[in-house]
Amino acid sequence: MDGTWEFLDVVLYKHGEITITVQVVVTLVIVLIATHFILKFARIGVTKRLDEDGKNRFKTVFTFLKYFIFSIAIITSLDASGIHITALLAASTALFVGIGLGMQKLFQDIISGIFILVDKTVMVNDVIEIDKKVGKITQVGLRTTKAITHDEKILVIPNHKFLNEILHNWTQNDERTRESISVGVAYGTDVDLVKALLLGIAMQDPAILNDPKPQIFFEDFGDSSLKFKLYFYVGDSFHLPQVQSRLRYKVYNTFNENNISIPFPQRDVHVYNSKIE
């Protein structure tokens with residue numbers, strides 16, 4: 001019987017204190033297969049109790065944990081099989097240092113990705129502004145987050161940027177956001193009429209919410225105009241540029257119909273003619 005298993009002691013590789021036999025390889029394969037099935041059943045058991053959003057977040061974090069657990073399983077198996085891991089690591093120190101320096105940003109992104117998923121800094125469908133770019137989140141990954149811009153371009157954002165830079169999340173607290181457009185009218189204009197027209201324009205736009213109601217603020221007395229600002233709420237801030245453009249068209253045409261002038265800045269230029277004798 002003992003002779004049947006003699007092939008397990010066949011040496012496949014030997015260098016210094018490191019000896020790899022068939023038994024080591026078989027043990028490692030069995031451990032990896034067992035670890036795979038344990039993790040699979042654990043993932044199914046956990047995700048069964050979560051909603052769809054929770055499942056997506058758990059799967060992303062689980063991907064990182066899976067690689068970590070597999071690494072621990074491999075190291076433990078080799079150590080139990082008599083292979084001195086310290087000797088193996090010592091022989092590869094220079095290689096690991098080079099890999100570590102090269103993958104520093106990668107690990108920073110991964111750790112940042114875990115924090116983002118845990119504390120929900122950003123989530124799918126959030127509208128964010130970062131690096132002066134606005135986009136709607138389409139995917140939160142372990143290393144990068146993807147967003148689509150107003151012009152249908154994809155932003156691939158390394159996750160460490162969300163922790164190292166200022167992030168504006170327009171929709172984290174509520175899908176509704178408060179927006180505005182500004183307009184100036186000539187001095188002498190009926191300000192009550194301006195307020196009524198602006199409110200009517202806002203109330204008629206299908207993208208603007210009636211609750212909370214739009215508001216008109218008389219902001220200031222400008223150099224050449226009376227300054228007003230129309231504040232309103234929208235349920236989809238990602239399409240805000242289209243809403244603002246539509247409102248400005250309507251304001252311009254409505255003011256023209258009611259003989260309300262939108263002045264432009266004017267400057268008086270004085271020319272002095274001096275003769276040199």
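Because the structure is a prediction, the values reported are computed rather than measured.
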Going through the checks in order, is the side-chain contact (heavy atoms from CB on, under 4.5 Å) test met by Phe115 and Asn159?
CA-CA 9 Å; Phe115 285 136; Asn159 284 335; over 6 Å; no

So, Asn169 side chain and Val122 main chain: donor-acceptor pair closer than 3.5 Å or not?
no

Is any side-chain heavy atom of [X] closer than 4.5 Å to a side-chain heavy atom of [Y]?
| X | Y | result |
| --- | --- | --- |
| Leu198 | Val183 | yes |
| Val251 | Leu230 | no |
| Met203 | Ile208 | no |
| Asn164 | Gln108 | yes |
| Ser182 | Lys227 | no |
| Gln244 | Val234 | no |
| Leu155 | Lys133 | yes |
| Leu197 | Ile260 | yes |

ILVMFWY network linking [X] to [Y], side-chain heavy atoms under 4.5 angstrom:
| X | Y | result |
| --- | --- | --- |
| Phe221 | Ile262 | yes |
| Ile181 | Phe228 | yes |
| Tyr231 | Leu209 | no |
| Ile216 | Phe218 | yes |
| Leu247 | Phe238 | no |

Which heavy atom in [X] sits nearest to a heavy atom in [Y], and how many Å separate them?
| X | Y | value |
| --- | --- | --- |
| Pro263 | Val185 | CD-C, 3.5 Å |
| Pro158 | Thr144 | CA-CG2, 4.3 Å |
| Lys132 | Glu129 | CA-OE2, 4.3 Å |

From Val194, Val191, Asp220, residue fulfilling side chain to side chain contact (heavy atoms under 4.5 Å, CB included) relative to Leu226:
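Exactly one pass, corresponding to Val191.
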
Rounded to the nearest 0.5 Å, what separates atom [atom1] in [X] from atom [atom2] in [Y]?
| X | Y | atom1 | atom2 | value |
| --- | --- | --- | --- | --- |
| His160 | Ile111 | NE2 | CD1 | 14.0 Å |
| His239 | Ser245 | NE2 | OG | 13.5 Å |
| Ile33 | His36 | CD1 | NE2 | 9.0 Å |
| Leu199 | Phe232 | CG | CZ | 12.5 Å |
| Thr121 | Leu163 | OG1 | CG | 6.5 Å |
| Asp126 | Trp170 | CG | CH2 | 12.5 Å |

Quick check on Phe217: does its CZ atom have over 12 non-hydrogen neighbours (other residues, nucleotides or ligands) under 6.0 Å away?
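Atom CZ in Phe217 is packed in, count exceeds 12.
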
I'd like to know whether CD1 of Ile44 has more than 12 heavy-atom contacts from other residues, nucleotides or ligands below 6.0 angstrom.
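It does: Ile44 CD1 has more than 12 such atoms within range.
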
Can you list the steps and then say if Val127 with Thr177 is a side-chain contact (heavy atoms from CB on, under 4.5 Å)?
CA-CA 10 Å; Val127 179; Thr177 57; over 6 Å; no

Gln139 vs Ile154, test: side-chain contact (heavy atoms from CB on, under 4.5 Å). Steps then yes/no.
CA-CA 11 Å; Gln139 179 185 349; Ile154 299 296; over 6 Å; no

One pair to check against side-chain contact (heavy atoms from CB on, under 4.5 Å): Ile157 and Asp131. What are the steps and the verdict?
CA-CA 10 Å; Ile157 310 166; Asp131 286 344; over 6 Å; no

Pair listing, side-chain hydrogen bond (donor to acceptor under 3.5 Å, both in side chains) test, anchored in residues 183-209, at least two apart:
Asp205-Arg246

